[in-house]
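To start, the structure under review is shown below, and the notes come after it.
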Amino acid sequence: MVSISAPNSATSEQLVEGLSAPDSARVLDALAYATEAYGDKQTFAGRSALEFAIGVATTLAFLRSDAETRIAGLMFELTLLEPDTAADIEPRFGKQVCDLATGVRQLIRLRALTQAQHGGAGGRGKNAAQQAVAQVETLRKMLLAMASDMRVVLVRLAACVTTLRYFADLKLFNEMTREYGKETLDLYAPLANRLGIWQLKWELEDLSFRFIEPEAYKRIAKMLEEKRMMREGFVSSAILRLQTELASAGIQAEVFGRPKHIYSIWNKMRGKELDFTALYDVRAFRVIVADVKTCYTVLGVVHNIWTPIPKEFDDYISRPKPNGYQSLHTVVTAEDGRPLEVQIRTNEMHSFAEYGVAAHWRYKEEGGSNFAGQKYDEKIAWLRQLLAWKTEVADAVVGQEEIQREWVEKLKSATLDDRIFVMTPQARVLELPVGATPVDFAYHLHTDVGHRCRGAKVDGIMVPLNTQLKNGQTCEIITAKGAPGTAGPSRDWLSAGYAVSTRTRSKIRAWFHAIDMQETLAHGRALVEKSLQREGKTAVNLEALAQKLGFAKVDELFLSVGKDEFSLRHVEQALHDNGEVVVPEDAVLVGKSRASSVEQGAKSGVLVVGTEGLMTVLAKCCKPAPPDSIVGFVTRGKGVSIHRATCKNFEEMRAKAPERVIFTEWGSTGGHDTVYPVDIFILAGDRQGLLRDISEIFSREKINVIGVNTQSAKGQARMTFTAEISSTAQLLKALNVIKDVSGVLEARRS
């Protein structure tokens with residue numbers, strides 16, 4: 001099996017392997033240009049910049065990348081060392097190469113930020129560890145979001161592995177190499193894994209592990225070396241036996257040993273608490289065949305030769321991994337009783353497993369048809385979404401058709417294109433929706449920071465708070481001074497493009513809702529206290545009063561009064577009534593009087609016979625309403641009070657001053673929408689849900705209740721409602737229905 005190795009001096013043949021003649025000429029031209037431009041320049045690690053660039057390009061060539069990617073691998077370090085040279089790249093090598101080199105340069109600049117994250121993650125406890133993991137995952141997504149072309153990430157991965165090889169060749173073990181290894185293991189090896197580039201993934205992990213845990217690396221390497229001769233002898237004999245059986249069955253296959261990866265072995269020993277000799281994949285080989293059908297045929301041959309271990313079989317062909325990986329994995333018990341792992345796949349599966357997304361550029365170039373290109377683009381879009389997932393995804397356990405449907409849904413709901421990644425001055429990365437502003441950024445930092453936000457700097461420059469942020473920018477929030485909670489947001493933030501995030505808008509609304517509630521609470525408290533002063537009951541226990549009125553807390557009473565949902569008349573009655581005033585838990589909320597009610601100043605619709613323009617007031621003692629027979633009584637300073645003809649108060653007033661009686665009748669000046677307040681008395685047997693049932697009737701008959709008073713004594717409920725009606729016919733209809741309610745003994749107008 002071919003493996004990636006670091007060349008001491010790359011040849012032109014290596015750089016152009018697999019390319020067409022025109023593309024080969026372009027790569028060689030780039031090599032000549034790079035040789036002259038780099039001269040004796042060095043990288044940050046002290047290595048020859050030209051040697052480094054050739055190493056990157058050679059790795060990209062081995063990964064079967066296209067000519068543009070290889071040229072970008074040669075050029076990006078030059079744009080870092082001498083930014084002015086970027087202007088010469090596009091005219092000579094094309095816009096694609098220039099964009100790739102620029103994209104890699106942006107990712108390289110993130111190194112300082114990622115290092116700050118690793119260095120600043122020294123918190124304690126589980127929460128700090130979780131935050132560090134989440135932040136690293138956000139950085140991974142940021143890396144991809146800043147790379148509009150997937151090949152940018154590919155070049156960055158090649159640069160990482162080239163640098164680590166250099167450290168390994170020189171046997172450099174210091175703080176710099178340890179930090180570089182940790183950064184690679186946290187950020188870039190997972191990206192290579194998600195892209196399916198196993199060749200780079202394993203090498204990045206092994207080299208990083210070598211610098212992070214040198215003692216553990218040496219210990220496992222020593223164990224592998226000690227058993228190497230015995231292991232290789234056994235694997236060779238097993239391969240020979242399988243090849244013989246396959247040849248007898250007429251199956252053409254390529255069988256070879258699988259390389260051992262130290263980091264993977266260490267992970268399994270640590271995670272499963274296994275001894276080195278108990279690991280399944282220490283002894284392993286692969287079988288490569290022509291088609292899928294033959295894969296399963298070979299599986300049958302393998303299980304016929306050796307005894308399979310049932311729980312160690314994985315069919316990644318019918319159920320591929322989320323990153324597209326396909327293969328049959330089985331573990332069998334060999335002749336010596338120890339496990340042996342066998343992987344079976346087709347040539348195409350093997351190519352994808354080794355080179356992942358990198359191999360698709362070759363497929364796209366050779367495909368020719370629009371269909372092939374479209375299928376390629378869909379796979380790339382899907383892989384881009386995989387990189388946007390917040391955590392490592394689990395293996396799929398659904399059928400092939402289900403997976404294809406999920407691919408389509410994932411493509412429709414790709415997440416990278418609608419997210420941006422913005423940093424704090426301390427290099428913390430926040431994930432925000434596209435179009436997010438500094439206000440959104442502030443609220444994602446902390447709710448109190450959002451409330452106190454008064455200004456912002458983006459990349460060190462003051463900007464308006466409705467400025468749209470972009471990927472990779474650094475945002476600093478300027479807050480109002482004072483204690484938390486003393487400053488608040490502006491209502492304009494909800495309507496003038498300051499808040500894009502749903503999370504931000506909900507927090508701003510919550511702030512103003514809390515303010516409104518406080519104002520309503522204060523207003524209700526003032527009304528209740530004023531009523532207590534008027535009644536001379538300022539020493540009353542407010543908590544006891546609230547509970548007597550059916551409220552759990554006194555603040556609930558204040559809020560209900562402040563919203564005009566609870567009448568102060570109930571409070572006044574409770575102060576003077578020794579009996580219990582009950583407001584059931586299912587009580588109807590008393591509504592506000594309508595604007596067209598005569599109680600709110602609407603015209604009463606009363607015509608005073610023989611007099612025009614005279615002010616009329618409906619008497620509150622009898623509350624007349626059309627078509628009641630009415631009479632008028634001239635008052636001192638309040639115009640004519642209108643009473644029902646049967647009103648007892650009117651009879652007493654007429655007896656004392658008959659000359660002030662005036663004849664009246666209902667006119668049409670009130671309009672069709674005018675309503676009149678009337679009192680309704682109901683006597684019923686007390687039971688659960690009584691008030692609710694009566695309230696539903698009022699609601700069904702479209703009668704607005706503006707006041708309610710209920711008393712319960714000796715198993716009977718006495719209820720008085722003040723309701724707004726348009727006519728007595730409407731009232732009579734409602735009363736007839738109320739009389740049919742279970743337990744109602746009497747229902748009448750009072």
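For the single chain, residues carry numbers from 1 onward in sequence order. Note that the structure is predicted; figures quoted are calculated from it, not measured.
For K457, the NZ atom counts as loosely surrounded, since its 6.0 Å shell holds 12 or fewer non-hydrogen atoms of other residues, nucleotides or ligands. Dense packing is recorded around CZ of R748, with more than 12 heavy atoms of other residues, nucleotides or ligands lying under 6.0 Å away. Heavy-atom neighbours of R718 CZ from other residues, nucleotides or ligands within 6.0 Å: at or below the threshold of 12.
From L731, atom CG reaches atom CG of D628 across 9.0 Å, with rounding to the nearest 0.5 Å. Taking OG1 from T520 and CG from D555, the interatomic distance works out to 12.0 Å, rounded to the nearest 0.5 Å. Atom CD1 of I477 and atom CG of L445 lie 6.5 Å apart (nearest 0.5 Å). Note: T474 OG1 to M423 CE = 4.0 Å, rounded to the nearest 0.5 Å. The distance from atom CD of Q711 to atom CE of M719, rounded to the nearest 0.5 Å, is 11.5 Å. Within the model, atoms CZ of R687 and CG of D693 stand 4.5 Å from one another, a figure rounded to the nearest 0.5 Å.
Here the side chain of Q473 pairs no donor or acceptor atom with the backbone of L469 at under 3.5 angstrom. Checked by atom type and distance alone, the side chain of S560 never pairs as donor or acceptor with a backbone atom of L557 at under 3.5 Å.
Of the listed residues (L549, L568, L521), just one forms a side chain to side chain contact (heavy atoms under 4.5 Å, CB included) with V561, and that residue is L568.
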key: Steps toward side-chain contact (heavy atoms from CB on, under 4.5 Å) verdict (Y676, K623)   = CA-CA 8 Å; Y676 302 83; K623 292 185 173 65; over 6 Å; no
key: Residues M462, I478; criterion side-chain contact (heavy atoms from CB on, under 4.5 Å); working and verdict   = CA-CA 10 Å; M462 289 293 297; I478 300 170; 3.4 Å; yes
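At a threshold of 4.5 Å between non-hydrogen side-chain atoms, the residues V422 and H444 do not count as touching. Taking 4.5 Å as the limit, every side-chain heavy atom of R654 sits out of range of all side-chain heavy atoms of V631. For the pair Q468/V500, no side-chain contact is recorded, criterion being any heavy-atom separation below 4.5 Å from C-beta on. Between F698 and I738 there is a side-chain heavy-atom pair separated by less than 4.5 Å. By the 4.5 Å heavy-atom criterion applied to side chains, N704 and V675 are not counted as neighbours. Using a 4.5 Å heavy-atom cutoff, the side chains of T437 and L465 are not in contact. By the 4.5 Å heavy-atom criterion applied to side chains, T479 and V449 are counted as neighbours.
The two residues V463 and P438 have their closest heavy-atom pair at CG2-CG, 4.3 Å. For the pair P489 and F512, the tightest heavy-atom approach, listed with the atom from each and the gap, is O-CZ, 3.4 Å. In terms of heavy-atom proximity, I703 sits nearest to A734 at CD1-CB, 3.6 Å. The shortest heavy-atom contact between A625 and T728 is O-CG2, 3.7 Å. Residue A499 comes nearest to I508 through the heavy atom pair CB-CD1, 4.0 Å, listed as atom of the first residue, atom of the second, then distance. Scanning both residues, G632 and V640, for their nearest heavy atoms gives CA-CG1, 3.7 Å.
Side chains of T504 and D440: a donor on one and an acceptor on the other come within 3.5 Å.
Pairs passing the salt bridge (charged side-chain N to carboxylate O under 4.0 Å, His left out) check and including a residue from residues 511-522, sequence neighbours excluded, read R491-D516. Applying the salt bridge (charged side-chain N to carboxylate O under 4.0 Å, His left out) test to every pair with at least one member in residues 728-737, sequence neighbours left out, gives these pairs: E701-K733.
Salt-bridge annotation for E651 and K648: absent, with no side-chain N of the basic residue lying under 4.0 Å from a carboxylate O of the acidic one.
Between W493 and Y443, the ring planes lie perpendicular to each other; the angle is over 60°, past the 30° to 60° tilted range. Ring geometry, H643 versus F650: the interplanar angle falls from 30° to 60°, so the pair is classed tilted.
Aromatic pair H523/F558: centroids not less than 6.0 angstrom apart.
Residues that satisfy the side-chain contact (heavy atoms from CB on, under 4.5 Å) test with S629, not counting sequence neighbours, are A645.
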